[in-house]
Number of protein chains: 2
Amino acid sequence: MPRPRQALLSRQRIIETAANLIDAEGLGAFSTRRLAAELGVRGPSLYNHFATKDEILDAVADSITAQVDVSSFGHGDWRDALRQWGLSYRSALAAHPNIVPHLAQGPGRRPAALAMADAVYGGLVDAGWPPARATHIGALMRYFVTGSALGSFARGFVEDPGFYAAQYPHLSQAHRLAEHQQSVDEGAFALGLDALIEGLSHTYERLVGALPPR
Amino acid sequence: MPRPRQALLSRQRIIETAANLIDAEGLGAFSTRRLAAELGVRGPSLYNHFATKDEILDAVADSITAQVDVSSFGHGDWRDALRQWGLSYRSALAAHPNIVPHLAQGPGRRPAALAMADAVYGGLVDAGWPPARATHIGALMRYFVTGSALGSFARGFVEDPGFYAAQYPHLSQAHRLAEHQQSVDEGAFALGLDALIEGLSHTYERLVGALPPR
DNA sequence: ACCTGAACACCGTTCAAGT
DNA sequence: ACCTGAACACCGTTCAAGT
């Protein structure tokens with residue numbers, strides 16, 4: 001097929017199809033040739049729209065970051081902003097765990113990731129955090145959220161009930177974790193987020209002074 | 001070359017060479033053929049010692065997990081145990097960031113990862129934590145540590161000073177983060193670990209009762 | 001038991017050729 | 001401008017053949 005009157009591909013269509021493919025089959029099964037087949041074209045056609053496979057992954061990653069809500073920063077209590085951002089950040093990433101290893105490489109030149117970093121850092125500094133601490137908080141939140149989205153804790157244990165018995169005395173119930181995957185992972189994230197914010201509140205009081213009433 | 005008198009390969013030598021290769025060139029550049037070349041053999045030879053490439057990655061991951069110190073659990077204050085484990089866990093993983101995406105898939109059937117999960121969970125339950133909370137704490141610590149080891153926060157920003165100026169008002173100093181990579185990433189981890197432990201202490205008091213003096 | 005070459009079905013990417 | 005087939009240098013894995 002030569003060049004059609006109407007272009008077969010667009011960056012948008014490539015990004016969406018790539019995201020679906022990665023969600024469904026993982027980063028390992030994601031190849032330019034598989035993606036092209038899914039789009040009804042041949043592999044090389046993609047190179048009219050993206051320079052490399054990595055650039056496609058960047059675009060997919062940024063389209064997911066763009067879904068994170070940072071509107072809570074810049075007004076109100078920083079603790080509420082941190083919690084709302086953290087929940088939104090985790091929920092956006094956890095919907096696409098297979099792309100998280102790529103996304104966790106940092107914002108690089110991805111616009112949505114940079115806009116998020118800008119809003120978070122700016123919001124924390126405006127709230128009174130010293131700049132170095134604001135950086136640390138942005139970093140530690142990324143650690144916690146990407147780590148939680150990267151791989152389910154609960155699904156990390158094999159489901160075979162007999163597997164743990166002999167060797168691991170405290171893991172006799174670990175085979176049941178997978179059944180409760182969502183509540184385990186969400187419960188762990190919620191407990192960690194609450195603990196982080198409570199701990200940071202104390203640091204703030206020591207460093208900056210009294211917190212406003214909420 | 002036919003079969004030599006003395007075997008050319010061993011699981012141990014394969015694991016060590018694979019770890020070095022992954023550290024030096026990343027998961028993307030790691031192939032069975034490259035690994036075999038490094039070992040002075042041909043690709044198929046590896047299949048006498050491991051069933052798949054994935055099994056090699058599992059073995060590399062577990063050899064890193066085996067370096068984590070969990071001896072702090074089971075005696076003394078759970079807060080100290082959590083801190084010492086967290087620091088050791090992070091330091092083991094951060095020395096090999098390229099393998100972390102594989103490692104973060106959970107313990108699976110890897111003995112060192114299972115032994116670590118067993119010690120942590122057992123230690124927390126013995127310290128008085130309700131079982132469900134002990135699971136959550138193990139999970140949230142894995143999130144935080146793997147996230148911090150997965151990708152440097154500081155190196156995630158481009159070093160070009162002119163890059164941020166126009167678009168991202170609060171990131172005007174972000175190009176300098178890479179210079180201070182180690183102190184930024186370690187400072188963020190330390191702040192997060194302190195906050196988590198302080199926050200969890202309050203949860204413990206509410207849930208279980210008074211903490212012992214330290 | 002353990003290493004080999006040949007083979008299979010794949011990769012990412014380049015490039016000249018088509019319209 | 002945008003899609004194509006052919007080509008290059010790679011992949012993971014299987015398998016029969018060697019000693």
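Both backbone and side-chain heavy atoms feed into the values below; hydrogens, waters and symmetry mates do not. In what follows, chains carry the letters A, B, and so on, assigned in the order in which the sequence lines appear, proteins first and then strands, with residues in each chain numbered from 1.
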Quiz item: Can you tell me how far CG of A:Asp62 sits from CD1 of A:Ile99, rounded to the nearest 0.5 angstrom?
Solution: 11.0 Å
Among [options], the one nearest [X] by side-chain distance:
X       : options                : value
A:Leu8  : C:dC3, D:dC3, C:dG5    : D:dC3
A:Arg42 : D:dT4, C:dT4, C:dC2    : D:dT4
B:Pro44 : D:dC15, C:dT13, D:dG12 : D:dC15

Self-check item: side-chain contact (heavy atoms from CB on, under 4.5 Å) assessment of B:Phe30 paired with B:Leu35
Solution: CA-CA 7 Å; B:Phe30 175 69; B:Leu35 172 59; 3.9 Å; yes
Tell me: [atom1] of [X] to [atom2] of [N], nearest whole Å?
X       : N      : atom1 : atom2 : result
B:Glu55 : D:dT13 : CD    : P     : 10 Å
B:Asn48 : C:dC3  : CG    : C1'   : 7 Å
A:Arg34 : C:dG12 : CZ    : C1'   : 16 Å
B:Asp54 : D:dC11 : CG    : C1'   : 15 Å
B:Ile14 : C:dC2  : CD1   : C1'   : 11 Å
B:Leu39 : C:dC3  : CG    : P     : 10 Å
A:Leu46 : D:dG5  : CG    : P     : 14 Å
B:Ile56 : D:dC11 : CD1   : C1'   : 14 Å

Quiz item: Quick one: is C:dA1 close enough that its OP1 or OP2 comes under 4.0 Å of any side-chain N or O from B:His49?
Solution: no
Practice problem: Write down the partner of D:dC10 under the Watson-Crick or G-U wobble criteria, each distance required to be under 3.5 Å. | Solution: none
Quiz item: Which nucleotide, in any strand shown, forms a Watson-Crick or G-U wobble pair with C:dG18, with both distances under 3.5 Å?
Solution: D:dC2
Practice problem: Assign A:Ser45 to base, sugar-phosphate, or nothing according to its heavy-atom contacts below 4.0 angstrom with the strands shown. | Solution: base
Quiz item: So, does the side chain of A:Arg33 form a donor-acceptor pair with the base of C:dG12 at under 3.5 Å?
Solution: yes
Would you call the rings of [X] and [Y] parallel, tilted or perpendicular if under 30° counts as parallel and over 60° as perpendicular?
X        : Y        : value
B:Phe153 : A:Tyr143 : perpendicular
A:Trp78  : A:Tyr204 : tilted
B:Phe144 : B:Phe189 : parallel

Practice problem: Let me know, please, whether B:Leu9 or A:Phe30 comes out on the 5' side of the other along DNA chain C by nearest nucleotide. | Solution: B:Leu9
